[in-house]
Amino acid sequence: MTNASPYPAHPSAHPAHPSAHPVHPSAHPAYPTAPPVGPFPDPIPQPYHRLDRTTGRHRWWRPLAGTVLLAFAYFVILLVLLALSYGLGTALGAPELPDGGADLGPLGNTAMDLVSIAIALPLVLLATLWPARRRVGTVTSVTGRLRIGWLGRCLLAGLLPILLLTVTSFLLPDDSGDSGTWVGWRSFLTALAVLALLVPLQAAAEEYVFRGWLLQAVGAFVRSPWFAVIPQAVLFAAAHGWGTRWGFLGLLVNGLVAGLLTIRTGGLEAAIALHVLNNLLAFGASAAVVDGLSSDETAADAPWALALTAIVTDLLYAAIVLWFARRHQPQRLSAPTTPPDPRAHPARTA
C-alpha cells in the first residue's frame with residue numbers, strides 16, 4: 001500500500017523536469033571550433049608571373065631552393081641518360097663520338113638530344129609541388145591547367161609567320177655547307193615521325209623551364225613584368241651557346257616575346273606553340289637533306305639575314321596572338337579567393 005500525498009508536488013521539487021526549465025540552444029557553445037590556421041590564399045587576382053604569391057606559402061628561399069634542386073636533379077638524370085645511351089650503343093656495336101658518347105646515327109643522336117632536354121619537364125612539375133608548394137597546374141597557366149582550345153588558336157596564329165620564315169629561309173643563300181641532296185621519302189618520313197613525337201616534348205620542356213619556372217621564380221620577388229621577363233630571356237639565349245651576335249639577338253628577342261605573351265595571355269600555351277612550330281620547321285628542314293641532322297648548328301649560329309627574319313616572324317606572331325586574345329579573352333589573372341571570416345570561428349575560451 002502506497003502512502004500518497006493529497007497535495008500536489010511543488011514545481012521546484014522536480015527541477016530536472018523538462019517543463020520546469022526549458023532548454024534553449026546557446027548562442028555561444030562551451031567549446032567553439034578553433035579559428036582557421038593559415039597560410040591563406042591571396043584573395044587578390046594575380047598575373048602569371050606572380051602566381052607563387054597566391055598560395056600564402058611563399059618564402060624567400062623556396063624559389064631559390066627549387067632552382068638549385070631542379071638544376072641538380074637535371075644533371076644527375078642527364079648523366080644517367082648518357083650512360084644508358086652509351087651502354088646501348090656499345091651493345092649495338094656503334095662507334096664512339098669525339099666527345100666519348102655512342103654514335104647512334106644522325107636520327108638516333110638527334111632523338112637523344114631531344115630526350116635529354118625533355119627530361120626537364122617532369123622535374124619542373126615536381127619542383128612546383130615542392131619546394132614551391134603549389135599545384136602542378138599553376139606553372140602551366142593561371143587556370144591551373146593546359147588550355148587546349150587556346151593552344152589550338154595559338155598554333156593557328158603561328159601558321160602564317162612560320163610560312164613566311166620557311167619561304168624566306170629557302171630564298172636566303174645557304175652557307176652551312178650541307179649538300180642539299182634529298183634524303184629520300186622513306187628516311188624523311190621516318191625522321192618526321194620521330195621528330196613529331198619528340199620535338200613537342202623538347203620545346204615544351206624549354207618553355208616550362210624558362211617561361212615557366214624561372215619567370216615565376218623571379219616574379220615571386222618583383223611586380224614588374226619586364227623585370228621578370230628579361231632574366232629568363234637572357235638565360236634562354238645563353239643556353240643555346242654563343243654563335244653570332246645576330247643569332248644571340250634573335251634568341252633574346254624570342255625569349256622576350258614568349259615571356260611577355262605568357263604574362264599577357266596568362267599561360268604557356270602561346271610560347272609552347274611558337275617554340276614547337278619553330279623547331280618542327282628547323283628539324284624538318286634538316287631531316288630533308290643528307291646529313292642535315294648531323295649538323296651541330298643551332299639558332300645561335302644564325303647569320304644576320306636569317307636572324308632578322310626570325311625576329312620579324314616572332315613579332316608578327318605576337319601581333320596575331322594579341323589580336324586573338326582581344327577577341328577570345330583568355331583568362332590572364334588567377335581566380336580570386338574568399339579568405340575565411342575569423343568572426344565565423346571564434347577563439348576557444350576556457
Item to check | Val80 reachable from Ile119 in the ILVMFWY side-chain graph, under 4.5 Å edges | outcome: no
Item to check | Nearest non-hydrogen partners of Ile311 and Gly250, listed with the distance | outcome: CG1-CA, 3.9 Å
Checklist entry - Do the side chain of Asn279 and the main chain of Ala203 share a donor and acceptor less than 3.5 angstrom apart? => result no
Next on the checklist: Set out, in order, the CA-CA distance, both residues' side-chain angles and the distance that settles side chain to side chain contact (heavy atoms under 4.5 Å, CB included) for Ile263 and Leu215, then state yes or no.
Outcome noted: CA-CA 9 Å; Ile263 295 176; Leu215 188 66; 4.0 Å; yes
Item to check | Between Trp304 and Thr244: side-chain donor-acceptor atoms closer than 3.5 Å | outcome: no
Checklist entry - Under 4.5 Å between any side-chain heavy atoms of Leu104 and Met112, yes or no? => result yes
Item to check | Validation row: Leu197, Leu114 side chains within 4.5 angstrom (heavy atoms) | outcome: no
Checklist entry - Does the side chain to side chain contact (heavy atoms under 4.5 Å, CB included) test come out yes or no for Asp296 and Asp301, once each step is laid out? => result CA-CA 10 Å; Asp296 57 356; Asp301 303 304; over 6 Å; no
Item to check | Side-chain (Thr138) to main-chain (Arg135) donor-acceptor, under 3.5 angstrom | outcome: yes
Checklist outcome for this item: d(Tyr74 OH, Ser116 OG) to nearest 0.5 Å is 5.0 Å
Checklist entry - Would Val234 and Ile230 satisfy side chain to side chain contact (heavy atoms under 4.5 Å, CB included), going step by step from the backbone distance to the final call? => result CA-CA 6 Å; Val234 174; Ile230 290 176; 4.3 Å; yes
Next on the checklist: Looking at Thr54 and Leu51, would you say the former's side chain and the latter's main chain have a donor-acceptor pair under 3.5 Å?
Outcome noted: yes
Checklist entry - Can you check side chain to side chain contact (heavy atoms under 4.5 Å, CB included) on Val76 and Phe72, steps first, answer last? => result CA-CA 6 Å; Val76 169; Phe72 177 76; 3.9 Å; yes
Next on the checklist: Tell me whether Arg147 contacts the main-chain N or O of Gln331 through its side chain, where contact means a donor paired with an acceptor under 3.5 Å.
Outcome noted: yes
Checklist entry - Between Pro336 and Pro45, is any pair of side-chain heavy atoms under 4.5 Å apart? => result yes
Checklist entry - Val139, Leu261: one ILVMFWY side-chain cluster at the under-4.5 Å cut-off? => result no
Next on the checklist: Between Arg53 (side chain only) and Ala220 (backbone N and O only), is there a donor and an acceptor less than 3.5 Å apart?
Outcome noted: yes
Next on the checklist: Could you check whether any side-chain heavy atom of Arg264 comes within less than 4.5 Å of a side-chain heavy atom of Tyr48, counting everything from C-beta outward?
Outcome noted: no
Next on the checklist: Does any part of the side chain of Pro41, heavy atoms only, come nearer than 4.5 Å to the side chain of Thr55, both counted from C-beta?
Outcome noted: no
Item to check | Distance in Å, Arg211 CZ paired with Leu274 CG, rounded so as to fall on 0.5 Å steps | outcome: 9.0 Å
Item to check | Heavy-atom side-chain proximity of Leu126 to Val136 below 4.5 angstrom | outcome: no
Item to check | Considering all heavy atoms, the nearest Gln46-Val142 contact | outcome: O-CG1, 4.3 Å
Item to check | Residue pair Trp226 / Pro231: nearest heavy atoms and the distance that separates them | outcome: O-CD, 4.4 Å
Next on the checklist: Determine whether a donor-acceptor pair (N or O, by modelled atom type, separation under 3.5 Å) exists between the side chain of Ser85 and the backbone of Leu82.
Outcome noted: yes
Checklist entry - When clusters are formed by joining ILVMFWY residues with side-chain heavy atoms under 4.5 Å apart, either directly or through shared neighbours, do Leu316 and Val253 land in the same one? => result yes
Checklist entry - How long is the span from the CG atom in Leu322 to the CG atom in Leu260, to the nearest 0.5 Å? => result 9.0 Å
Item to check | Rounded distance (nearest 0.5 Å) linking atom CG of Leu333 with atom OG1 of Thr143 | outcome: 12.0 Å
Checklist entry - Parallel under 30°, tilted from 30 to 60°, perpendicular over 60°: which one fits the rings of His58 and Phe221? => result perpendicular
Checklist entry - Does the ring-ring contact (aromatic ring centres under 6.0 Å, His included) test come out yes or no for Phe188 and Trp182, once each step is laid out? => result CA-CA 9 Å; Phe188 177 68; Trp182 169 246; 5.4 Å; yes
Next on the checklist: Before you tell me yes or no, could you show the steps for Arg134 and Asp52 under salt bridge (Lys or Arg N to Asp or Glu O under 4.0 Å), namely the whole-Å CA-CA distance, both residues' side-chain angles and the distance that decides it to 0.1 Å?
Outcome noted: CA-CA 7 Å; Arg134 288 188 282 124; Asp52 194 64; 3.1 Å; yes
Checklist entry - When the ring planes of Phe210 and Phe236 are compared, do they come out parallel, tilted or perpendicular, using 30° and 60° as the limits? => result perpendicular
Checklist entry - For Gly255, does its backbone N or O pair with a side-chain atom of Gln232 as donor and acceptor, under 3.5 Å? => result yes
Next on the checklist: Please determine whether the number of non-hydrogen atoms from other residues, nucleotides or ligands lying under 6.0 Å from atom CH2 of Trp61 exceeds 12.
Outcome noted: yes
Next on the checklist: How long is the straight-line distance from CH2 of Trp150 back to CD of Gln329, given to the nearest 0.5 Å?
Outcome noted: 9.5 Å
Next on the checklist: Please report the interatomic distance CG(Leu281) to CG(Leu277), rounded to the nearest 0.5 Å.
Outcome noted: 9.0 Å
Item to check | Same apolar cluster: Val257 and Leu268, side chain cutoff 4.5 Å | outcome: no
Item to check | Val312 and Leu165, any side-chain heavy atoms less than 4.5 Å apart | outcome: no
Next on the checklist: Looking at every non-hydrogen atom in both residues, tell me the closest pair between Val222 and Arg50 and how far apart they are.
Outcome noted: O-NH1, 3.1 Å
Next on the checklist: If hydrophobic clusters are built by linking Ile, Leu, Val, Met, Phe, Trp and Tyr wherever their side-chain heavy atoms come under 4.5 Å apart, do Val209 and Leu198 end up in the same one?
Outcome noted: yes
Next on the checklist: Tell me the closest heavy-atom pair linking Arg57 and Arg62, and the distance in Å.
Outcome noted: O-NE, 2.8 Å
Checklist outcome for this item: In short, Ala287 meets Ala191 closest at the heavy-atom pair CB-CB, 3.8 Å
Item to check | Residue pair Phe248 / Arg245, side-chain heavy-atom distance below 4.5 Å | outcome: no
Checklist entry - Do His49 and Gln216 meet the criterion of a side-chain donor-acceptor pair at a distance under 3.5 Å? => result no
Checklist entry - How about Thr140 and Tyr208: does a side-chain donor come under 3.5 Å of a side-chain acceptor? => result yes
